[in-house]
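All remarks here apply to the structure that follows.
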Amino acid sequence: MPSDVTEPVDFIREIIRDDLQTGRFDRVHTRFPPEPNAYLHIGHAQAILLSYGIAQEFGGKFNLRFDDTNPEKESLEYVEAIKHDARWLGADWEDREFYASDYFEQLYRWAEELIRKGVAYVCDLSPEELSQTRGQPIRDGDRVITPPGVESPYRNRSVEKNLDLFRRMRAGEFPTGAKTLRAKIDMAHPNLNMRDPVMYRILHACHHRTGDAWCIYPSYDWAHGQSDSIEGITHSICTLEFENHRPLYDWFLDQLGVHHPRQIEFARLNLTYTMTSKRRLLRLVQEGHARGLDDPRVPTIAGIRRRGYTPEAIADFVRRIGVSKSESVREIELLEHCLRDDLNRRAPRRMAVLEPLKLVITNYPEGKVDQFDAVNNPEDPAYGTRRVPFSREIWIEREDFMESPVSGFFRLAPGREVRLRYAYLVKCVDVVKDGSGRVVEVRCTYDPVTRGGDAPDGRKVKATLHWVSARHAVDGEVRLYDRLFTVSDPLDVPEGEDWIANVNPSSLVVLTGCKLEPSLAEVEPGERFQFERKGYFCVDPDSRPGVPVFNRTTTLRDTWAKVQGRA
RNA sequence: UAGGGCGUAGCCAAGCGGUAAGGCAGCGGCCUUUGGAGCCGCCAUUCGGAGGUUCGAAUCCUCCCGCCCUAGCCA
């Protein structure tokens with residue numbers, strides 16, 4: 001992380017600093033509370049790193065807590081995946097891995113307490129009835145009116161009756177959905193969340209942690225704030241949509257008279273060319289636009305990791321975007337900038353020819369092999385050098401040769417001299433074509449005195465090409481990824497049309513028979529490299545011995561491509 | 001409609017009554033054995049709009065406009 005940038009002081013850190021100063025809290029304890037019902041995505045990364053980072057900065061603690069209050073949607077598989085991803089991102093919750101389900105008994109006792117206080121009651125209304133009596137908006141001509149809610153006929157049952165019914169709910173005497181426990185607050189409250197919200201519902205379902213111990217489950221609203229309280233959380237950082245719920249959480253905590261964390265809401269992360277909705281991601285996979293939820297094009301943490309992104313780049317990105325309450329869409333270019341910034345400093349360089357074209361050096365002795373020292377990372381001498389073999393026949397990138405060069409193209413062309421990186425200056429003297437007129441071989445002469453790449457007479461060339469010796473090359477597969485969508489807002493479609501139309505048909509191009517320098521023969525999944533002049537690449541788990549598979553993480557900034565794009 | 005929230009450059013974002021930071025993107029140039037990296041320069045007379053207070057307003061007040069959230073026994 002660049003040390004020349006001072007840490008941003010956002011409104012959240014300001015509030016916390018204030019709380020510490022005024023004595024509202026004398027310590028900082030945050031948490032990340034995912035529901036184990038999906039994989040983490042880039043948006044979660046910000047939430048985790050924000051809460052974890054704040055705990056670190058203030059010398060406090062950070063918890064991981066699974067809000068597992070809905071057994072129908074949650075599973076152990078997601079728990080494990082989330083832990084893995086959160087750890088990969090760099091978060092450390094030490095031994096503080098918690099579950100809302102750990103608190104079911106306590107939550108139950110507190111519910112009875114509220115019943116005894118006369119501020120909670122068992123209600124027999126059906127979901128439809130409940131929704132109608134909560135005060136649904138009514139259209140009145142061209143206006144819409146939100147009427148006050150209607151009190152449930154069961155609202156004034158006695159404490160004894162409520163206690164008895166609630167205990168029988170727990171005992172399993174009633175079918176799923178038959179009754180709820182509701183907080184008795186105010187059916188006319190302008191905040192709909194305060195209109196006697198549901199605290200418990202009956203759900204005869206097996207929970208991934210508590211099994212069949214329960215058939216009533218706390219609602220998120222009832223479980224969440226108390227879970228934070230139990231854990232001694234001081235600052236509950238969450239996204240904007242929970243702002244409306246804060247008064248309810250406050251109400252529960254005050255009724256119970258327990259430790260009262262402060263909730264602070266921020267705007268969730270949105271990224272251009274990206275969507276994170278679980279439902280839509282699943283559809284992309286089901287319809288074959290992505291190969292799985294860990295496809296390198298998908299913005300899940302698993303996908304991003306497989307693509308070759310580094311946790312450091314993500315952390316840098318999160319730090320740079322900061323936090324605010326205004327809903328915004330970040331440009332993916334900033335994330336890519338952070339990625340390149342990190343990879344440029346850390347990725348070892350290699351030469352790889354993705355779309356090979358044979359180049360024969362006619363005056364180079366058959367059978368002779370030169371060895372050149374190549375720099376592993378010009379940004380850091382500590383990476384050292386490696387030997388790269390050179391011989392009479394080499395592969396160069398097909399796009400580095402043009403038989404009739406357009407203006408602005410200064411790579412190889414008939415009669416032109418270019419440098420082969422670390423090797424020699426070569427001049428194109430002939431072109432060999434097949435029957436259809438396609439160039440299949442370029443013939444050059446080399447200048448032996450330019451060994452290493454510099455001409456003693458001081459003459460300059462305008463281009464340096466990467467290359468791989470043909471007889472030493474390793475064959476590999478390279479998967480070229482591009483944005484999954486062709487437009488910055490994937491959901492922006494004409495009225496009545498399907499957003500699937502925005503999927504980029506060429507978001508994946510698979511190249512086989514790529515020619516890699518010999519040092520790339522033995523690589524481990526997850527290893528990252530810069531292929532000089534082509535971009536950053538990461539070894540995919542699909543690699544097999546002798547046949548490495550690389551994912552293109554991102555291209556290098558390419559001014560030539562930009563010039564071409566303008567033409 | 002009610003309640004809650006948000007409007008500063010193409011995208012973000014600092015700013016907290018004293019005269020618009022910074023990043024990304026873009027555009028020029030330098031340098032270069034990666035058309036990479038790096039370096040230099042340019043990029044808001046104005047802060048959603050209109051009034052008002054003030055010597056002075058993006059900052060304070062009033063009104064207006066726009067966008068988002070909630071109206072699950074999801075989280």
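Just so we're on the same page: letters track the sequence lines, and every chain starts at 1.
The nearest whole Å value for the distance from the CZ atom in A:F11 to the P atom in B:rG5 is 12 Å. Between A:H337 atom NE2 and B:rA13 atom P there is a gap of 18 Å when expressed in whole angstrom units. Rounded to whole angstrom, the span from the CZ atom of A:R345 across to the C1' atom of B:rG38 amounts to 13 Å. B:rA75 atom C1' lies 15 Å from atom CD of A:E265, rounded to whole Å. A straight line from CG of A:D221 to P of B:rA75 spans 8 Å, rounded to a whole angstrom. Atom CG in A:L271 sits about 13 Å away from atom C1' in B:rC24, given to the nearest Å. When the P atom of B:rA37 is taken as reference, atom CG of A:D380 falls 18 Å away, rounded to whole Å. Nucleotide B:rA25 holds its P atom 9 Å from the CD atom of A:E336, rounded to whole Å.
In this structure, A:N70 reaches the sugar-phosphate backbone alone: every heavy-atom distance under 4.0 Å involves primed, P, OP1 or OP2 atoms, never a base. Within the nucleic acid shown, A:N37 has no heavy atom closer than 4.0 Å to any nucleic acid atom. Contact annotation for A:E35: backbone-only contact, meaning every heavy-atom pair under 4.0 Å involves sugar-phosphate atoms and none involves a base. Across all strands, A:R195 comes closer than 4.0 Å to no nucleic acid atom at all (heavy-atom distances). At a threshold of 4.0 angstrom between heavy atoms, the contacts of A:Y200 with the nucleic acid are absent. Across all strands shown, A:R246 has no heavy atoms under 4.0 Å from either base or sugar-phosphate atoms. Across all strands, A:T272 comes closer than 4.0 Å to no nucleic acid atom at all (heavy-atom distances). Among the protein residues, A:K562 comes within range of the sugar-phosphate backbone only, with heavy atoms under 4.0 Å from sugar or phosphate atoms but none that close to a base. Within 4.0 Å (heavy atoms only), A:H245 reaches at least one base atom of the nucleic acid. Contact annotation for A:P148: no contact, since no heavy-atom pair falls under 4.0 Å across all strands. Here A:Q132 lies out of heavy-atom contact (under 4.0 Å) with every strand. A:R419 comes within 4.0 angstrom of a nucleotide base, judged by non-hydrogen atoms across all strands. Heavy atoms of A:L420 sit nowhere under 4.0 angstrom from any nucleic acid atom. As judged by a 4.0 angstrom heavy-atom cut-off over every strand, A:T176 is placed among residues making no nucleic acid contact.
For B:rG36, the OP1/OP2 oxygens have no side-chain nitrogen or oxygen of A:R340 closer than 4.0 Å. Remark: A:S324 is in phosphate contact with B:rA13, judged by side-chain N or O atoms under 4.0 Å from OP1 or OP2.
Nucleotides of RNA chain B nearest to A:P127 and A:L556 differ in position, and the one nearer the 5' end is that of A:L556. Position along RNA chain B of the nearest nucleotide to A:K325 versus A:Q530 favours A:K325 as the more 5'-ward residue.
Between the side chains of A:E265 and A:Q263, at least one donor N or O sits under 3.5 Å from an acceptor N or O. Side-chain N/O atoms of A:S126 and A:E129 include a donor and acceptor closer than 3.5 Å.
B:rG48 shows a glycosidic angle more than 90° from 0 and is accordingly assigned anti.
Applying the 3.5 Å distance criterion, the base of B:rG4 shares no donor-acceptor pair with the side chain of A:E241. No hydrogens or angles were tested; on distance alone, nothing pairs the side chain of A:R533 with the base of B:rG35 as donor and acceptor under 3.5 Å.
The side chain of A:E331 has B:rG10 as its nearest neighbour among B:rA75, B:rG10, B:rU70. Here B:rA75 is the nucleotide among B:rC74, B:rA75, B:rA37 with the atom lying nearest to any side-chain atom of A:T69.
Between A:E333 and A:R557 there is no salt bridge, since no side-chain N of the basic residue sits under 4.0 Å from a carboxylate O of the acidic one.
Geometrically, A:R349 does not engage A:F531 in a cation-pi contact, judged by NZ or CZ lying under 6.0 Å from the ring centre and within 45° of the ring axis.
Between B:rG5 and B:rA57, the distance separating the two C1' atoms is 24 Å to the nearest Å. The same atom, C1', is picked in B:rA14 and in B:rG7; the two are 16 Å apart, to the nearest Å. The separation of B:rG48 from B:rA71, taken at their C1' atoms, amounts to 28 Å, rounded to a whole angstrom. One P atom belongs to B:rU45, the other to B:rC6, and the distance between them is 27 Å to the nearest Å.
Scanning all heavy atoms of the two residues, the minimum distance from A:L107 to A:W222 falls at O-CZ2, 3.4 Å.
Note: A:H207 and A:F104 meet the aromatic proximity criterion, with ring centroids under 6.0 Å apart.
More than 12 heavy atoms of other residues, nucleotides or ligands lie within 6.0 Å of NZ in A:K278, so this atom counts as buried by the packing criterion.
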